[in-house]
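Okay, so here's the structure we're looking at.
Computed over heavy atoms, backbone and side chain alike; hydrogens, waters and symmetry mates excluded.
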Amino acid sequence: MKITERIDAITSIPAAYRSPAPPAPKSVKIELTGRCNYRCGFCALRTREVQPKTDMEIDLFKRITTEMRDAGVEEIGVFYLGESFMAAESLIEAIGWCKSLGFPYIFLTTNGSLAEPELVRRCMEAGLDSLKFSVNAADEEQFESVMGISGRWLDKALANLKAARRVRDEGGYKCGIFASSIRYDGEQQAKMEALLAEQVIPFVDQHYWLPLYSMGSLATQREEELGYRPTAGNQGRLEALREPLPCWSAFTEGHVTASGALSACCFDADSRWTMGDLNRQSFMSAWNSPAFQRLRAAHLARDVTGTVCEQCVAYQA
């Protein structure tokens, strides 16, 4: 199955899930670490007043993933907002654990800068099914402007992407290698397409485009600085955009922070969308908590006035 087919299956909301208390989601993303070595201007992590320094406890990870598998979850993303390769040993252990539980599909998105070939090999050996690189800058100048760190890391990330393909092919691992990019406008888009054609697309199984998401309304603060207008909320990939209400993120995919909070939003970096605490609750009790049911009911009514979602750009005139 193509990665875009998997994405589209999650961003659509089947009839059975259009309920304040839907079944367990097919997919859950779990933040192994809230840390990231990038400082992307459009990312929700920048809303955190104090950047996290701790990672998820592996015992908590093992407990909640066991509950998820028992509830019927099929896909585990071993990432959420942070860069999982900053906790590489935990990442490898988490992948192996999820495979031991029988999850059919384990996936990971990375900025690529820390995805060294040996670490990638160990991830694939542990059972990783999908490795996706986010490539969102066309040159070092744009990289430094948007990602907020030295442009040399762009070359490092691209080198790691190419090496990942070599590791996969030489080892015969059954792991898809993919890439996504934010679609810009005009001259910048032409530069991106040239970079992708030469240094990305020949080395991945599939590449797809994303709009600049609102990141929980953060992108509206950066619109003038970056020069690109965000789409309304997270409407999925560019060629299969979804309606902003009801937002699929609250119905078909779970999102767990490194601290164990279950969030209703795929861009929740400051706990505004916390619907439950998995340190104290089971996954399903948090998934269908009273707070989560009230929020979903508002989404289904297409009126999120008075809810935490009200300020998202998805619902601004």
Side-chain angles (χ1 to χ4, degrees), residues 27-62 64-65 68 75-98 106-116 119-120 122-123 126 128 130-137 143 146-149 153-154 156-157 160-161 164 178-180 182 210 213-216 218-219 222 234 249 253-275 277-279:
S27 175
V28 179
K29 292 177 181 176
I30 304 175
E31 187 177 57
L32 297 177
T33 177
R35 298 176 290 145
C36 186
N37 60 325
Y38 281 18
R39 295 292 179 264
C40 302
F42 54 76
C43 181
L45 281 176
R46 302 286 72 77
T47 66
R48 288 174 170 165
E49 293 183 5
V50 178
Q51 295 302 306
K53 296 180 175 62
T54 57
D55 305 330
M56 176 173 279
E57 294 290 337
I58 195 65
D59 287 345
L60 175 61
F61 179 88
K62 289 180 176 180
I64 63 177
T65 48
M68 291 170 188
E75 302 179 2
I76 293 292
V78 281
F79 73 102
Y80 176 27
L81 298 178
E83 170 52 55
S84 292
F85 277 105
M86 292 198 76
E89 294 302 322
S90 292
L91 170 62
I92 294 163
E93 183 175 359
I95 294 168
W97 171 257
C98 287
I106 314 299
F107 63 105
L108 171 63
T109 291
T110 176
N111 64 39
S113 63
L114 303 177
E116 298 284 351
L119 292 176
V120 167
R122 291 176 64 195
C123 286
L128 188 66
S130 168
L131 177 61
K132 190 197 80 170
F133 291 79
S134 293
V135 183
N136 295 315
F143 185 92
V146 176
M147 280 67 192
I149 59 174
W153 287 102
L154 173 61
K156 180 64 173 174
N160 284 341
L161 183 154
F178 308 102
S180 68
I182 293 172
L210 296 170
Y213 296 140
S214 74
M215 297 289 180
L218 176 63
R222 290 283 280 151
N234 183 347
S249 178
E253 186 172 76
H255 304 90
V256 182
T257 70
S259 65
L262 177 67
S263 177
C265 181
C266 46
F267 300 131
D268 184 10
D270 58 10
S271 302
R272 281 180 288 174
W273 285 269
T274 295
M275 297 290 120
D277 181 358
L278 299 184
N279 293 285

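- Every side-chain hydrogen bond (donor to acceptor under 3.5 Å, both in side chains) that S27 has, sequence neighbours left out, goes to E253.
- In terms of the salt bridge (Lys or Arg N to Asp or Glu O under 4.0 Å) criterion, residue partners of E89 (sequence neighbours excluded) are, by chain and number, R122.
- Residues meeting the side-chain hydrogen bond (donor to acceptor under 3.5 Å, both in side chains) test with S134, sequence neighbours left out: none.
- How far CD1 of I76 is from CG of L128: 12.5 Å, rounded to the nearest 0.5 Å.
- Taking the side-chain contact (heavy atoms from CB on, under 4.5 Å) definition, one finds that A264 meets it with W273, M275, F292, L295, sequence neighbours left out.
- Aromatic ring orientation, H255 versus Y80: tilted (interplanar angle from 30° to 60°).
- Residues meeting the side-chain contact (heavy atoms from CB on, under 4.5 Å) test with A126, sequence neighbours left out: I92, I95.
- Under the ring pair (Phe, Tyr, Trp, His ring centres under 6.0 Å) rule, Y38 has a single partner from F85, F143, W153, which is F143.
- Rounding to the nearest 0.5 Å places CE of M68 at 13.5 Å from CD of E75.
- Residue N279 holds its CG atom at 8.5 Å from CD1 of I64, rounded to the nearest 0.5 Å.
- Partners of S113 under the side-chain hydrogen bond (donor to acceptor under 3.5 Å, both in side chains) rule, at least two apart in sequence or in another chain, are N37, N111.
- Only one option out of T109, L108, I106 pairs with L131 in a side-chain contact (heavy atoms from CB on, under 4.5 Å); it is L108.
- Using a 4.5 Å heavy-atom cutoff, the side chains of E116 and K156 are in contact.
- Using a 4.5 Å heavy-atom threshold, the side chains of L119 and L91 count as separate.
- The line from CD1 of I30 to SG of C98 is 6.0 Å long, rounded to the nearest 0.5 Å.
- Closest approach of A137 to L154, counting heavy atoms only: O-CD1, 4.1 Å.
- Separating the CG atom in N160 from the OG1 atom in T110 is a distance of 8.5 Å, to the nearest 0.5 Å.
- With sequence neighbours excluded, the residues that form a side-chain hydrogen bond (donor to acceptor under 3.5 Å, both in side chains) with D55 are T33, R35.
- Under a 3.5 Å cut-off, the side chain of S84 and the backbone N or O of L32 do not form any donor-acceptor pair.
- Between S249 and C266, the closest heavy-atom pair is OG-N, 3.1 Å.
- Applying the ring pair (Phe, Tyr, Trp, His ring centres under 6.0 Å) test to F79 and every residue at least two apart in sequence or in another chain returns F107.
- In this structure, K132 NZ and S180 OG are separated by 3.0 Å, a value rounded to the nearest 0.5 Å.
- Listed by chain and residue number, F61, K62, E93 satisfy the side-chain contact (heavy atoms from CB on, under 4.5 Å) test with I58 (two or more places apart in sequence, or in another chain).
- Between the side chain of E31 and the backbone N or O of T257, no donor-acceptor pair lies under 3.5 Å.
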